[in-house]
Amino acid sequence: MTRVPPLVARDEFTWEIPAGSVPGMRVPGILFSNRALLGAVESDPSLEQLANVATLPGIVRSSLAMPDIHFGYGFPVGGVAAFDLAEGVVSPGGIGYDINCGVRLLRTSLGVDDVRPHLKALIDSLYRNVPSGVGSRAGVTLSPSEMEEVLANGARWAVDRGHGRREDLAVQEEEGRLAGADPSAVGDGARRRGVRQLGTLGSGNHFLEVQAVDEIFHPEFAPVLGLTPRQVVVMLHTGSRGLGHQVATDYIATMDARLAREGVTLVDRQLSCAPIASPEGERYLRAMAAGANFAWANRQLITDAVRRSFREVFHRSDAEIDLAVVYDVAHNMAKVEEHRVDGAPRRLLVHRKGATRAFPAGRPEVPERYRAHGQPVLIPGDMGTASYVLVGLPGAMERSFGSSCHGAGRLLSRHAAVRRFRFDEVTRALTERGIVVRSASREGVTEEAPGAYKDVEEVVKVAEGAGLTRRVARLVPLGVVKG
DNA sequence: ATGTTC
């Protein structure tokens, strides 16, 4: 039975579920939202999930949710929670089944008018070069030793093997390689699922989109990112595929067994977790890092395929088309980071599940090239509306452990969206707006119909109003490959 | 998200 916890307005963009609203809450729940978005969540079980997270041992300050919050496994999607390293827990449900699901943005030297006449050919070529859909398989199979290297080295493995440029790495979160990865913590089942999946898009909300820069909001930072109005860019959204999913499945089972052994009961069994300082917790974090590296290698191989498609369609060299990486973010991840708590610096394990790190200017984790401005935050919207580039602000460090939103956020479940929308109508509405769509399945289109999502404009306005991030550029879709 | 309910 769903209990809807009370929401108390704290300011225009901040709502609180006071500690004590749900039995066992150790800290309050904080939701960044506004009146326009609240209607979608007020009676939603995602708020109960936000409160449930606040019951976990060692949680620091508050259980947080971004404006794109929706119902997830255990933790809400859009959830952020930080834990004390000695007293706290790590929970796979706080990271998500798709470990290091994330977004990469590539820029081109082409303008809308250069691409429009070749748009259909370009989307067809991308569809051919990047396997997509449920169970999509890569043309190549990783050998056992290659798998070891992918899990240990992420995007760096791909670049070392000639799949990309050395300079691609400097502009990725963690430079595309999370330290602390232990391939031996990734089971045989997970490896088997991954061997034919590197360089594949997958399904669901994963996509590869050709977009145009529609509007610049931050005239100082946009040129540093190489973004100008009417420029064509490419956004890709995917993660660690079946490998990451199997890692999550395996460790949830391990943690469930430990909880049963210790006689611990949780308010929701989907909050399955283990102490950070335990063999199960430590081993999961090493496996999670390896899964994250698989995802970064995946996005790097897809980058390589995107460059191939542009060469094929435009008959120009890589240097002419540019296709430089602007940035690559993870939005399903847990990381040890330093944050100020009650005025003192403290190392915490920050879970972000459908939430993006959004560090401000000056943080050493921000690439040197961008450090004077802050970390780029990449926000895919829905395929009919718009996506955004944002930048982290000091307010994110003060309020959300350096985090912001990750997308528009679902309004309807997949099932509800398939019942609500018809494939032909969704496709026609997009075609009428000049958007070319290729999908591996009809469900890929109806599940992801623009009407299944919240208004991304409202989501980014809340993230800005709450002081977490500011808008840098708005990107509009020209063509999309859906999983 | 996911060999979409091993």
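Keep in mind that this is a model prediction, so the values were computed, not measured. Naming: A, B, ... by sequence-line order, numbering from 1 per chain.
- Taking only side-chain nitrogens and oxygens, A/Thr249 never comes nearer than 4.0 Å to OP1 or OP2 of B/dT2.
- Using a 4.0 Å heavy-atom criterion, one finds that A/Gly239 contacts no nucleic acid atom at all.
- Rounded to a whole Å, the CD atom of A/Glu443 is 13 Å from the P atom of B/dT4.
- Rounded to an integer number of Å, the gap from A/His415 NE2 to B/dT2 C1' is 18 Å.
- Atom pair A/Arg137:CZ and B/dT2:C1' shows a separation of 15 Å (rounding to whole Å applied).
- Rounded to whole Å, the distance from OH on A/Tyr97 to P on B/dC6 is 13 Å.
- As judged by a 4.0 angstrom heavy-atom cut-off over every strand, A/Gly96 is placed among residues making no nucleic acid contact.
- Regarding A/Asp98, its CG atom lies at a distance of 15 Å from the P atom of B/dT4, rounded to whole Å.
- The separation between A/Arg414 atom CZ and B/dT4 atom C1' is 8 Å, rounded to whole Å.
- Across all strands shown, A/Glu447 has no heavy atoms under 4.0 Å from either base or sugar-phosphate atoms.
- At least one donor-acceptor pair under 3.5 Å links the side chain of A/Gln172 to the backbone N or O of A/Asp168.
- Annotation: cation-pi geometry satisfied between A/Arg357 and A/Phe359 (NZ/CZ under 6.0 angstrom from ring centroid, within 45° of ring axis).
- Geometrically, A/Arg241 does not engage A/Phe294 in a cation-pi contact defined by less than 6.0 Å to the ring centre and at most 45° from the axis.
- Taking 4.5 Å as the limit, every side-chain heavy atom of A/Ser240 sits out of range of all side-chain heavy atoms of A/Asn298.
- The distance between atom CD of A/Gln246 and atom P of B/dT4, rounded to the nearest whole Å, is 12 Å.
- Here the C1' atom of nucleotide B/dT2 and the CZ atom of A/Arg192 are 16 Å apart, to the nearest Å.
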